[in-house]
Amino acid sequence: SVLDKVSKKTTKEDAVNIIDHWGLIDEEQREMYIDGIPKQYQMLLSAGCLILPFFRTYEPLLAPTSLSSLNGFASIWCCIENILLAAASEGIFGVTRIPFAEEINHVKSILKVPENYDFPCYIALGYPCDESKVFSPTATINEKIHLNKW
């Protein structure tokens with residue numbers, strides 16, 4: 001399937017290779033990524049729905065000639081937020097995962113995406129499989145909002 005070509009099962013050894021390629025040497029960061037990268041790929045593979053939102057680019061994103069050159073990038077993130085909010089209103093959990101540069105090129109190649117389109121993230125959607133494992137914050141909303149001061 002296309003999903004299998006876009007994202008593949010990744011092991012801790014694969015994660016080590018990825019972060020070695022980045023040149024990451026901080027041990028705490030390495031441990032975090034070695035643990036997290038395989039989980040992220042598994043999340044994508046097991047999602048009930050995987051969305052790849054694309055937007056048109058007119059010039060390199062990291063070298064804009066004007067502020068309005070970033071409108072497509074800003075707009076796609078508004079769309080992503082709306083997708084996540086709409087899913088949440090239906091009891092569907094949603095998460096995003098930012099792809100590595102190599103992944104972007106791989107996905108664009110597999111899907112035969114035109115050069116002037118890019119995607120900022122994967123959106124994985126699905127119903128929770130086990131309500132007892134759903135994250136529940138311990139702080140109340142009043143402890144997280146600061147009014148008129150920090």
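These numbers come from a predicted model, not from an experiment. Index from 1, following the sequence.
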Legend entry - salt bridge (Lys or Arg N to Asp or Glu O under 4.0 Å) pairs, two or more places apart, involving residues 107-118: none
Legend entry - Nearest heavy-atom neighbours spanning Ala15 and Ile37: CB-CB, 4.0 Å
Inset, instruction - Quick one: pull up CD1 in Ile104 and CG in Leu52 and give me the separation to the nearest 0.5 Å. - result: 11.0 Å
Legend entry - Gap between atom CZ of Phe54 and atom OH of Tyr117 - 0.5 Å precision: 10.5 Å
Inset, instruction - For residues Phe119 and Pro99, determine if any side-chain heavy atom of one lies less than 4.5 Å from a side-chain heavy atom of the other. - result: yes
Side-chain polar contacts of residues 62-72 - donor-acceptor pairs under 3.5 angstrom, sequence neighbours left out - could you list them?
{"residue": "Thr65", "atom": "OG1", "partner": "Glu59", "partner atom": "OE1", "Å": "2.9"}
{"residue": "Thr65", "atom": "OG1", "partner": "Glu59", "partner atom": "OE2", "Å": "3.0"}
{"residue": "Ser66", "atom": "OG", "partner": "Ser68", "partner atom": "OG", "Å": "3.0"}
{"residue": "Ser66", "atom": "OG", "partner": "Ser69", "partner atom": "OG", "Å": "3.3"}
{"residue": "Ser69", "atom": "OG", "partner": "Glu59", "partner atom": "OE2", "Å": "2.4"}
{"residue": "Ser69", "atom": "OG", "partner": "Ser66", "partner atom": "N", "Å": "3.4"}
{"residue": "Ser69", "atom": "OG", "partner": "Ser66", "partner atom": "O", "Å": "3.2"}
{"residue": "Asn71", "atom": "ND2", "partner": "Ser68", "partner atom": "O", "Å": "3.4"}

Legend entry - Residue pairs fulfilling salt bridge (Lys or Arg N to Asp or Glu O under 4.0 Å) with at least one residue in residues 77-97, sequence neighbours excluded: Arg97-Glu103
Inset, instruction - Nearest 0.5 Å please: distance from the CD1 atom of Ile19 over to the CD1 atom of Ile25. - result: 11.5 Å
Legend entry - side chain to side chain donor-acceptor pair (under 3.5 Å) involving Glu102 - partner list, sequence neighbours excluded: His21
Legend entry - In one Ile/Leu/Val/Met/Phe/Trp/Tyr side-chain cluster, 4.5 Å: Tyr122, Ile83: no
Legend entry - Residues in side chain to side chain donor-acceptor pair (under 3.5 Å) contact with Tyr127, at least two apart in sequence or another chain: none
Legend entry - side chain to side chain donor-acceptor pair (under 3.5 Å) partners for Asp35, two or more places apart: Lys39
Legend entry - All side chain to side chain contact (heavy atoms under 4.5 Å, CB included) counterparts of Asn82, not counting sequence neighbours: Leu85
Inset, instruction - Report the residues that fulfil side chain to side chain contact (heavy atoms under 4.5 Å, CB included) with Ala124, sequence neighbours left out, ordered by chain and then residue number. - result: Met43, Leu44, Ala47, Leu50, Val95
Legend entry - Atom pair CD1 (Ile18) and CD1 (Ile34), whose distance is rounded to the nearest 0.5 Å: 10.5 Å
Legend entry - Residues in ring-ring contact (aromatic ring centres under 6.0 Å, His included) contact with Tyr33, at least two apart in sequence or another chain: Trp22
Legend entry - Listed partners of Cys121 passing side chain to side chain contact (heavy atoms under 4.5 Å, CB included), at least two apart: Pro53, Trp77, Ile80, Thr96, Ile98, Ile123
Inset, instruction - Only counting residues at least two apart or in another chain, list the ones meeting side chain to side chain donor-acceptor pair (under 3.5 Å) with Thr11. - result: Asp14
Legend entry - Heavy-atom side-chain contact between Ile51 and Leu125 under 4.5 Å: yes
Legend entry - Set of residues satisfying side chain to side chain contact (heavy atoms under 4.5 Å, CB included) with respect to Gln29, sequence neighbours excluded: Leu24, Asp26
